[in-house]
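Data block below; observations after.
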There are 2 protein chains.
Amino acid sequence: MALTAKGLATRQRIIEGAALHLRGDDPGEVTLDDIRAITGTSKSQIFHYFPGGKEELLLAVARYESDRVLDDQQPHLGALTSWAAWRRWRDAVVARYRAQGRNCPLGSLMSQVRSTPGAAEVVGALLANWRAQIRRGIEQMQAAGEIRQGLDADRAAAAFVAGIQGGVQVLRSTGRTGHLEATLDVLIDHLRGV
Amino acid sequence: MALTAKGLATRQRIIEGAALHLRGDDPGEVTLDDIRAITGTSKSQIFHYFPGGKEELLLAVARYESDRVLDDQQPHLGALTSWAAWRRWRDAVVARYRAQGRNCPLGSLMSQVRSTPGAAEVVGALLANWRAQIRRGIEQMQAAGEIRQGLDADRAAAAFVAGIQGGVQVLRSTGRTGHLEATLDVLIDHLRGV
DNA sequence: CTTTTTATGGACTTGACGGTCCATCAGACC
DNA sequence: GGTCTGATGGACCGTCAAGTCCATAAAAAG
């Protein structure tokens, strides 16, 4: 399948339109007709650009959203080199998810695509990358003498990732950011040895 | 609607059968026909006992599963009065979710029932209860002088709940318990002031 | 300019699933 | 034992959404 420039643009429009819809209030189950309506395309276009049908399309959207997750935490996440930077990152994460509210585009996506091979790969890559960046931040602080050497950076990074995931999940269920904030604060306190 | 003993038994059989199915490999979307087949009942029985249809039934199953969550952590969760007890609890949580593997009955349920009023109430009650029990454990350790007074017990309890949630979610996605264990260990270390 | 490939529109098919309806059976109550 | 209410079976219906198909327009290739 050779795509022309026009075709590529349409394909991208479909992905971004679907992503937009996923962010709206209560996307619930996404249907191809929803996407068709939003993006002003026809059924045949969807299947033209995503021969694998709905699953392939949703996976493409998941990859797109997955990139957004870490992008939205930059530049803070990439430069956790002082306590002030950690604080800014913490605030950025809370703000991002507070803005997202009860809707987690990636979460909705994953629940509709769960148990396909591609889904595990997308989320696995995201989690690994996330963890690696946090770990790097911890190691930098250790190198600077701000965090004691004995602390297991990789394990602590895993705890951050899990804590944020859980905090967001609680947020999705209850609408409150308290758990997310508590986790981040407790874990940062732990790093500081408080 | 007056239920006879027989009727009550059937109603319960439906709930437990549905719960059983949710634990199987890849339940995906649950359909009423699945439940009908598993429980050896007919459509009319389902609607007889759950006039609200699928939503009411799934909510009943969610309540049932919700009770299991904390039950499975007892008696450890209810008596976090020594570091050994914390360790046993930690192991029980990991074992429980490792056994559950990639399937989280309650998680599947919530994704099919999300955004109904009852769903928020079920999960909210579970989280609050969980948090309260952990908080109580921390306070008891503080009273015993094992944890410093300055630590915010409620906030730390919230971090535990979020961390476990997130760890389980990572487990569901990747099949690995590493994040869950890391979170629990880091948070317990934090309590110990290590 | 014509031919071949790609892009698009939209009707149609197929299957699944929630929910309804009515008929029949069984046990409680008088 | 007759009647009434609850328990059960299963056919049936309506809807909705994924996916197919063919026709046509537009653009690239020669």
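Below, all heavy atoms of this structure are taken into account, side chains as well, without hydrogens, waters or symmetry copies.
- Rounded to whole Å, atom P of D:dC16 lies 12 Å from atom CG of A:D34.
- Protein atom CG of A:L32 is 20 Å distant from nucleotide atom P of C:dC12, rounded to whole Å.
- For D:dT8, the OP1/OP2 oxygens have a side-chain nitrogen or oxygen of B:T10 closer than 4.0 Å.
- Atom-to-atom, CZ of A:F47 to P of D:dC22 comes out at 16 Å; the value is rounded to the nearest Å.
- Between A:Q142 and A:E146, the side chains place no donor N or O within less than 3.5 Å of an acceptor N or O (distance only, hydrogens not considered).
- Sequence order on DNA chain D of the closest nucleotides to A:D33 and A:K6 puts A:D33 first from the 5' end.
- Judged by distance alone with a 3.5 Å cut-off, no donor-acceptor contact links the side chain of A:K43 to the base of C:dG9.
- A straight line from CD of B:Q112 to C1' of C:dC17 spans 13 Å, rounded to a whole angstrom.
- When the side-chain nitrogen and oxygen atoms of A:Y49 are compared with OP1 and OP2 of C:dT8, one or more of them lie within a distance under 4.0 Å.
- Counting heavy atoms from C-beta outward, B:D189 and A:R155 have side chains that approach closer than 4.5 Å.
- Among the heavy atoms of the strands lying under 4.0 Å from A:K54 are primed sugar atoms or P, OP1, OP2 only; no base atom is included.
- Counting only distance, with no hydrogens or angles, the side chain of B:D34 and the backbone of B:T31 share a donor-acceptor pair below 3.5 Å.
- For the pair B:E55 and B:T4, nearest-nucleotide mapping onto DNA chain C gives the more 5' position to B:E55.
- Here the shortest heavy-atom pairing between B:A162 and A:G167 reads CB-N, 3.7 Å.
- Among the protein residues, B:S44 comes within range of the nucleic acid bases, having at least one heavy atom under 4.0 Å from a base atom.
- Regarding contacts with the backbone of C:dA7, every side-chain N or O of A:Q45 stays at 4.0 angstrom or more from both OP1 and OP2.
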